[in-house]
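To start, the structure under review is shown below, and the notes come after it.
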Amino acid sequence: MDREVRVRFAPSPTGPLHIGGVRTALYNYLFARHNGGKMLLRIEDTDSNRFVPGAEDYIIESLKWLGIGIDEGVGHGGENGPYRQSERRDIYRKYVKQLLDAGRAYIAFDTPEELEAARTATPNFQYDASTRGSMRNSLTMPAEEVKRLIDNGEKYVVRFKIEPGRAVVVDDLLRGKVTIKSDILDDKVLYKSADDLPTYHLANIVDDHLMGISHVIRGEEWLPSAPLHVLLYEAFDWTDSMPHFVHLPLLLKPDGKGKLSKRDGDRLGFPVFPLEWHDPISGNISSGYRESGYLPEAVVNFLALLGWNPGDDTEIMSMDDLIEKFSFDHCSRAGAKFAYEKGKWCNHPYLQEIDAAKIAEMFKPILREHGVNPEDYSDEYITKVVGMVKGRINFVKDLWDQASFFFTRPDSYDPKAIKKRWSPETPAIMNELISQLEALPDFSSAAAEQPILDWITSNSYHMGNVMNAFRLAVVGECKGPHMFDITELLGREETINRIHTAIERIKLDEPTV
Ligand code: GLU
């Protein structure tokens with residue numbers, strides 16, 4: 001690296017952080033850490049019309065939950081603050097003046113109605129070198145008039161004066177050199193007197209320069225702004241500090257064509273926000289990865305792979321692994337389909353790393369939701385249940401599906417299993433099984449298994465049928481962990497009661513009981 005790596009995540013607080021924005025933040029972070037650099041968080045809140053209360057806190061909390069560490073910025077401090085753009089007006093005013101004094105920008109008074117009229121009169125009207133001469137601005141009006149209008153408090157904007165005939169080169173680490181003609185650019189508004197704030201373009205590049213940003217890593221949607229940013233660096237004579245650009249590929253719909261949207265999430269049932277979002281205006285609630293039971297490590301792992309790969313087929317990587325392997329060499333330029341099914345699968349290995357006792361705590365509210373009071377069971381019991389089934393789940397909430405029978409007796413029996421495993425002889429065999437279970441000196445899994453299997457073999461019973469009928473009686477379905485582990489935990493009395501109940505309730509002519 002030719003200079004100290006300093007990157008920034010620069011969201012606008014216009015709503016909850018979209019999952020695409022989270023990936024941008026993550027790639028910035030991975031790149032910074034891989035190169036021993038710094039990661040900044042700058043809040044770009046210069047568009048007061050789009051400001052949404054709570055959005056900034058939401059962004060900070062999301063990054064914290066995901067473990068995307070910030071070295072400098074809003075909520076963290078640092079030497080280059082303030083990091084909230086609405087608090088940097090004085091700084092921007094100075095740079096606006098610098099451009100005006102150098103003749104690189106000009107003041108324009110055109111009202112929205114005048115601009116509308118120009119658009120109507122001229123198809124494809126663009127405020128640029130070919131039209132600025134006929135508009136109401138400091139290039140066409142006498143200096144005294146300009147001063148008089150400003151003194152009178154007339155609203156104005158400052159526009160960047162783009163010279164036509166230039167080939168503007170954006171050097172993008174992923175896309176190579178992208179050249180565009182300056183003729184197609186319009187004289188963008190850089191500052192509005194109405195709210196005494198710069199627009200995104202000016203604030204963004206002034207801050208990137210002052211904060212020593214070495215790499216601008218952001219979504220592809222910002223690529224069209226990049227030529228203007230290059231020209232602004234030139235106008236300020238800052239080309240030596242021009243950052244490298246990286247415009248990340250779009251996140252695409254999991255199916256079909258086009259950009260991933262919140263509607264895709266609603267349609268296909270996955271969150272597009274890291275945390276649940278309560279919209280302060282509409283009151284609507286949008287689901288989040290955190291509340292849906294995803295572990296932050298899994299979300300990070302899954303997002304990292306949307307547009308990047310480590311150069312081999314490794315898929316499960318911790319944040320440290322990602323930091324070690326990350327570079328733009330293996331970043332794709334093509335849009336990445338949002339493979340949310342993979343996200344579910346990604347949660348599995350991370351869940352397995354968590355201690356069963358900790359998962360048991362997370363399981364308690366779910367038990368309550370299903371009408372089971374966890375206080376009726378010891379922590380040891382719940383932990384043992386978790387230990388037995390956690391290998392089969394992707395989310396803590398799936399524990400109920402896998403393990404409800406440890407807390408409630410079967411209220412029905414799977415009709416398919418009855419058909420396959422419960423014959424007219426089964427009740428008698430189950431009664432015999434009850435006697436065998438009653439006679440066991442030790443009901444633990446290890447001690448109970450062999451004698452029961454021996455009893456089945458010595459009677460020449462069908463092993464699969466007897467064991468599955470046993471399971472059906474105790475669990476309600478032919479699923480679950482090792483049978484004798486289940487019965488050990490349920491205990492002798494409960495196991496035998498369940499077999500009695502099944503014998504009574506499973507009537508072959510009414511298979512669905
Ligand atoms: N404020 C812009 C955003 O909301 C920042 C774009 C950039 O990183 O330059 O994404």
Side-chain angles (χ1 to χ4, degrees), residues 5-32 37-52 54-60 62-63 68 70 72-74 80 82-88 92 160 170-175 178 188-190 192 197-233 238 241-251 259-262 272-274 277 303 307 328 331:
V5 168
R6 288 175 62 81
V7 299
R8 84 304 194 268
F9 180 51
S12 297
T14 54
L17 186 57
H18 188 271
I19 201 74
V22 178
R23 188 197 54 173
T24 300
L26 176 64
Y27 282 19
N28 271 285
Y29 175 75
L30 295 176
F31 183 74
K38 294 271 189 290
M39 164 84 166
L40 280 72
L41 174 65
R42 185 170 76 220
I43 297 291
E44 303 209 324
D45 56 349
T46 56
D47 190 347
S48 40
N49 297 325
R50 296 183 61 217
F51 179 82
V52 173
E56 181 186 300
D57 288 344
Y58 179 95
I59 292 165
I60 294 173
S62 301
L63 298 179
I68 298 178
I70 303 295
E72 269 182 48
V74 172
N80 300 281
Y83 294 92
R84 205 178 274 117
Q85 290 187 328
S86 58
E87 294 166 14
R88 297 172 64 81
Y92 305 128
F160 191 35
V170 177
D171 202 352
D172 184 292
L173 290 186
L174 277 186
R175 293 153 208 275
V178 182
K188 274 273 174 317
V189 172
L190 299 179
K192 293 179 182 163
L197 274 171
T199 57
Y200 154 72
H201 301 291
L202 184 94
N204 188 268
I205 79 115
V206 164
D207 288 348
D208 282 348
H209 171 73
L210 295 179
M211 296 177 185
I213 298 304
S214 62
H215 294 76
V216 165
I217 304 164
R218 60 186 171 192
E220 186 178 287
E221 64 274 26
W222 301 98
L223 185 58
S225 303
L228 175 69
H229 296 183
V230 169
L231 289 175
L232 277 166
Y233 266 88
W238 291 339
S241 73
M242 179 112 66
H244 295 287
F245 289 101
V246 182
H247 290 95
L248 301 172
L250 288 176
L251 290 186
K259 216 173 123 185
L260 175 73
S261 72
K262 174 159 155 29
V272 295
F273 301 123
W277 168 253
L303 281 182
F328 288 113
C331 235

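Just so you know, ligand 1 is whichever comes first in the structure, and atom 1 is the first atom listed for that ligand.
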Revision key, fill the gap. Asn204 heavy atoms within 4.0 Å reach ligand 1 at atoms 7 (C), 9 (O)
Check your understanding: How far is atom 10 (O) of ligand 1 from its nearest protein heavy atom, and which residue and atom name does that atom have?
Key -> Trp222 CZ2, 3.4 Å
Exercise for review: Just need the protein heavy atom nearest to atom 8 (O) of ligand 1, so name the residue and atom and give the distance.
Suggested key: Arg8 NH1, 2.7 Å
Practice item. Might you work through the salt bridge (charged side-chain N to carboxylate O under 4.0 Å, His left out) test for Glu220 and Arg175, ending with a clear yes or no? Key: CA-CA 11 Å; Glu220 186 178 287; Arg175 293 153 208 275; 3.2 Å; yes
Review point. Which word best sums up how the rings of His201 and His229 line up, parallel for under 30°, tilted for 30 to 60°, or perpendicular for over 60°?
Key: perpendicular
Exercise for review: Indicate whether the side chain of Tyr83 and that of Asp207 have a donor and an acceptor atom separated by less than 3.5 Å.
Suggested key: no
Exercise for review: Begin with the C-alpha distance, continue with both residues' side-chain angles, and end with the deciding distance and a verdict on side chain to side chain contact (heavy atoms under 4.5 Å, CB included) for Val230 and Met242.
Suggested key: CA-CA 8 Å; Val230 169; Met242 179 112 66; 3.8 Å; yes
Check your understanding: Quick check: does Ala10 get an N/O under 3.5 Å from an N/O on ligand 1?
Key -> yes
Review point. Which of these, Arg50, Glu221, Gln85, Arg218, has its nearest heavy atom closest to atom 9 (O) of ligand 1?
Key: Arg218
Point to revise | For Glu44, the ligand 1 atoms whose distance to one of its heavy atoms is below 4.0 Å | key: 1 (N), 2 (C), 5 (C)
Review point. Is the Trp222 ring parallel, tilted or perpendicular to the Tyr200 ring (thresholds 30°, 60°)?
Key: tilted
